[in-house]
Asks: 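Dumping the structure here so I can ask a few things about it.
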Amino acid sequence: MIKLSRMHQRVLLAVAAAMPVGAAVAQTTAAPELQQVTVTAQRRTENIKEVPVSVTAIKGEKLDVLVSGGDDIRLLAGKVPSLNVESSNGRTFPRFYIRGYGNTDFSNFASQPVSLVVDEVVQENPMLKGFPIFDVAAVEVLAGPQGTLFGRNTPAGVVKFESEKPHLKKLEGYYNLSYGTRGTANVEGAVNVPLSDKWAMRVSTLRQHRDNYVDNYADVAKTQKTGELDGYNEHAERVQFLYTPNASFSALLNLHQRATTGSARLFRANLIKKGTNDFADGVDLGSLVSNGRNFQHLDTNGSNLRLTWDLGPVKLYSITGYEHVGDYFSRGDIDGGTPAGPGFIPFQVETGGFVHGLRQYTQEFRVESKQVGPMSWQAGTYYFNEDGKVGTNNYSSVTWGQTSHLESHQKNTAWAAFASVNYALTDDFTVRGGVRYTDDKKHFNTVAAENVVQVGPSFVDESKSKVNWDLSGTYKLNRDVNLYARVATGFRAPSIAAANSSVPITVADAETITSIEGGIKADLFDRRARATFSVFDYDVKNQQLTVVGGNSNVTKLINAAKSRGRGVEFDFEGNIATGLKVTAGGSYNFTEIRDPSLSVNKCAQCTVLDPINGAGRVVIDGNPLPQAPKWMLNATARYGIPMGDGEFFVFTDWAYRSKINFFLYEAAEFSGKPLTEGGLRVGYTWDAGKYEVAAFGRNILDQRCITGAIDFNNLTGFTNEPRVWGVQFKGNF
């Protein structure tokens, strides 16, 4: 039985109150119909109700509200069913989890089972996954294996971004300015420029800033003038050119870049109270004591070219992508304190992670049918090439001098061929099937190992090929209700981790998944509301897991013989009355590691809750997957009142997730408490929505929670973002 605090009970009651009561909706004849939502989950533009996949789209005002406080891509956590996003590297290196299935690996070559796809180009390296959200048409979250139509590592699902595109219609654009507490500033804008009857250009830009607001009281920080931390400066740009010489051909060129500087993640020594997951007594989150250097910078850039030929019976697509991590370095004080504390700190260690010159090239050719009839299809080929160097440095927090250097190189090439067919057996029943063959090769070698004992070989070669498939069906129960069912498989190629702490290069074998799901998608109450409900069950064989920390501070990859997941998801959106719109969503995810032979090192100071085997190691069989909350709930409500020549409105959004485990083993200290975060926005729009002024708050309850930890030599942890209040002005032209 789940026990919730009074605050959580009040929040959930408020969410429940915001959810629609059928009779109330049915009796409200003045409420307008909902606009149709289209998605590209199957690589075609389709009504979301027709797609036999659990997919949620975030767009329009809801997306704008979420980004108003200057947050990075982690803001998506909990905003749709079953999606969690976290990072131990701050605004870089986000890790995604769908239905509890993800990867806590913090290697700079980390492979994740959730694929991030931006403008139809996969972003493989974790440093590419945190590109800021601005001038985006929609975010789509596809749950479950998507291995037949998308190119890389999709056994858990896909998070898909689609930028606003240039067009030939007219000169137009927008600007968006906000300022909030702690000097949080956000400036973004875009302009669409028709250059001729064949050419158009769209330029988009973003600037974000937050002041350093956490005081560092260590004496060395004062002398070195590093006494304030946790600020950032970020800018990103996107320029797109559209060329449409005739109705049968178009070309879209996308150029983009990102640069971010600021604090690395703030680790706090002995933040966690022994024997609990509470904050230690006397903790002040506005300050810390650290004698280490703390900074982070990241520069990325890329381009992609999308060509489309309309050949009559078919359409041909070519998508060429290039992504580059020019420079990344993040340095932080992982022991979280000084020789004097806080608390007992056996070692004084800083660590730095870096990426040098990583390049990714992708090419896809795809052809899809256009003919009218019961059958439609698409097929294509895909090529992936990644080449780069990454590594870690260790430093003494006393002298700040480098104590070790480890650098590794990886070259990864893969190619695939895929096909998908839809066939309408009747007017009401459509089946879909897809297949994909993938061949994946990796070469990994140690480039430099200074003061790092290289055990075993200095290089590894891995190669794996696999066929994946999916089969689904959609049945129209009536005009407004569709039923669907889907069976799908997925595949993730072997992953390789660098040697460290006298541990050799480790390889996790390829993992596979088989997933079954079914659900219902319905328009309700004369299409003034829509709802989806799905149930799912999946098995992962040889799941790749990361072992971190322990008394020996080991980091390596392992495979679990099997892990399982099952659960339910729901989504609702409805116009309750004129001016009142609500959404609600939620999920239940049960995950379990199944491998009686699997054990990991014990943590140094924590209270282990799992059995200990004869070798003194922790048995993790039966444990949930890390960062996998059982319960997630979200809700929004918007109420608008006509006033003058405009509208006064109130918008609120809420997200709740239950307890999570940080690591593979269970310990009293290394679990995150349930977390509820809410937002509020009050504003006025006028001139047919052309202008808007608003006051907003993010994390308005200011609930602070330990969201991650370092399993090394003390109870070091880190937290979620603080509350932000601010004002915003938007304009369109």
Side-chain angles (χ1 to χ4, degrees), residues 88-89 93 95 103-113 124-127 152-153 325 328 330 334 349 351-360 384-394 402-414 439-466 491-511 542-561 595 597-601 617 663-664 711-712:
S88 56
N89 284 47
F93 203 140
R95 295 183 288 244
N103 187 12
T104 59
D105 189 356
F106 55 83
S107 161
N108 289 328
F109 276 135
S111 167
Q112 297 180 359
E124 174 69 3
N125 188 269
M127 296 309 149
R152 292 285 299 178
N153 295 337
V325 181
Y328 166 75
S330 181
I334 64 168
V349 180
T351 187
F354 61 86
V355 177
H356 291 324
L358 183 139
R359 290 172 170 81
Q360 172 192 295
F384 173 89
N385 183 291
E386 179 191 69
D387 197 328
K389 295 179 181 179
V390 309
T392 57
N393 296 332
N394 286 329
Q402 181 175 303
T403 59
S404 69
H405 171 77
L406 179 68
E407 186 171 353
S408 304
H409 166 259
Q410 179 172 283
K411 183 176 178 61
N412 183 192
T413 58
D439 182 80
D440 193 288
K441 296 179 181 179
K442 288 181 180 176
H443 173 77
F444 186 98
N445 64 286
T446 301
V447 176
E450 301 172 12
N451 293 326
V452 177
V453 178
Q454 178 79 58
V455 178
S458 61
F459 70 93
V460 170
D461 289 298
E462 285 291 325
S463 178
K464 187 73 72 172
S465 59
K466 185 68 175 177
F491 158 74
R492 184 155 63 116
S495 295
I496 306 172
N500 66 94
S501 301
S502 301
V503 174
I505 295 173
T506 56
V507 177
D509 198 5
E511 71 183 21
N542 289 330
Q543 182 170 357
Q544 299 174 19
L545 300 172
T546 302
V547 178
V548 297
N551 287 318
S552 58
N553 195 30
V554 166
T555 302
K556 65 178 183 179
L557 295 172
I558 60 173
N559 287 102
D595 190 337
S597 67
L598 206 57
S599 63
V600 299
N601 291 333
R617 293 165 58 86
F663 304 119
L664 296 174
D711 176 7
F712 180 29

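One-based numbering along the sequence shown.
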Asks: Report yes or no: does Ser107 contribute a side-chain atom to a donor-acceptor pair with the main-chain N or O of Ala497 at less than 3.5 Å?
Replies: no

Asks: Rounded to the nearest 0.5 Å, what's the gap from CD on Glu511 to CG on Asn153? Could you check?
Replies: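 So the gap between those two atoms works out to 8.5 Å.
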
Asks: Just by distance, no angles: are the side chains of Asn89 and Ser330 close enough, under 3.5 Å, to form a donor-acceptor pair?
Replies: no

Asks: Indicate yes or no: at least one non-hydrogen side-chain atom of Leu664 is less than 4.5 angstrom from one of Leu545.
Replies: yes

Asks: Please report the interatomic distance CD1(Ile496) to OG(Ser111), rounded to the nearest 0.5 Å.
Replies: 10.5 Å

Asks: Are Lys442 and Glu462 within salt-bridge range, i.e. N to O under 4.0 Å?
Replies: no

Asks: Does a donor on one side chain and an acceptor on the other come within less than 3.5 Å for His443 and Asn412?
Replies: no

Asks: Is a donor from one side chain sitting under 3.5 angstrom from an acceptor on the other, for Gln544 and Ser495?
Replies: yes

Asks: Show the nearest heavy-atom pair for residues Phe93 and Ala110, with the distance to one decimal.
Replies: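 Closest approach of Phe93 to Ala110, heavy atoms only: CZ-CB, 3.8 Å.
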
Asks: Got a second to check how far Thr546's OG1 is from Phe106's CZ, nearest 0.5 Å?
Replies: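 Output value for this atom pair is 8.0 Å.
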
Asks: The test is side chain to side chain contact (heavy atoms under 4.5 Å, CB included); show your working for Gln402 and Glu450 and say whether it passes.
Replies: CA-CA 10 Å; Gln402 181 175 303; Glu450 301 172 12; 4.0 Å; yes

Asks: Would you find a donor on one side and an acceptor on the other, under 3.5 Å apart, between the side chain of Thr403 and the backbone of Asn394?
Replies: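 Answer holds: yes.
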
Asks: Check the side chains of Asn103 and Arg95 for a donor-acceptor pair under 3.5 angstrom, ignoring hydrogens and angles.
Replies: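 No, no side-chain donor-acceptor pair sits under 3.5 Å.
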
Asks: Working to the nearest 0.5 Å, report the span between CG of Asp439 and NZ of Lys466.
Replies: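 Interatomic distance, Asp439 CG to Lys466 NZ, rounded to 0.5 Å: 13.5 Å.
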
Asks: Atom CG in Asn108, atom NE2 in His356: separation rounded to 0.5 Å?
Replies: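 Here the rounded value is 10.5 Å.
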
Asks: With heavy-atom distances below 4.5 Å as the criterion, would you say the side chains of Ser408 and Lys389 are in contact?
Replies: no

Asks: Would you call Arg152 and Asp440 a salt bridge, taking side-chain N to carboxylate O under 4.0 Å as the test?
Replies: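 Salt bridge flag = yes for Asp440 with Arg152.
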
Asks: I'd like to know if the side chain of Thr446 pairs up with that of Gln454 as donor and acceptor (distance under 3.5 Å, no hydrogens or angles considered).
Replies: yes

Asks: Scan side-chain atoms only and decide if Asn451 and Ser404 contain a donor-acceptor pair under the 3.5 Å cut-off.
Replies: no

Asks: Would you say the side chain of Phe354 lies within less than 4.5 Å of the side chain of Asn393, judging by non-hydrogen atoms?
Replies: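 In short, these two side chains touch, coming nearer than 4.5 Å.
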
Asks: Would you give the length of the straight line joining atom CG of Asn601 to atom CG of Asp711, rounded to the nearest 0.5 angstrom?
Replies: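 If we round to the nearest 0.5 Å, Asn601:CG and Asp711:CG are 8.5 Å apart.
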
Asks: Distance alone, cut at 3.5 Å: any donor-acceptor contact between the side chains of Gln360 and Asn125?
Replies: no

Asks: In terms of side-chain geometry, is the basic nitrogen of Lys464 or Asp509 positioned less than 4.0 Å from the acidic oxygen of its partner?
Replies: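 Answer for the salt bridge query: yes.
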
Asks: Here's a test for you: under side-chain contact (heavy atoms from CB on, under 4.5 Å), which of Leu358, Val390, Val355 qualifies with Tyr328?
Replies: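 When side-chain contact (heavy atoms from CB on, under 4.5 Å) is applied between Tyr328 and each of Leu358, Val390, Val355, only Val355 qualifies.
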
Asks: In this structure, is the centre-to-centre distance between the rings of His409 and Phe109 below 6.0 Å?
Replies: no

Asks: Within the 3.5 Å criterion, strictly below it, is a donor on Ser597 or Asp595 matched to an acceptor on the partner's side chain?
Replies: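 Distance-only check passes for Ser597 and Asp595.
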
Asks: Assess whether side chain to side chain contact (heavy atoms under 4.5 Å, CB included) is satisfied between Arg359 and Val325, documenting all intermediate values.
Replies: CA-CA 7 Å; Arg359 290 172 170 81; Val325 181; over 6 Å; no

Asks: Provide the closest heavy-atom pair for Leu557 versus Ala508 in the form atom of the first, atom of the second, distance.
Replies: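 Shortest heavy-atom contact: CB-CB, 3.9 Å.
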
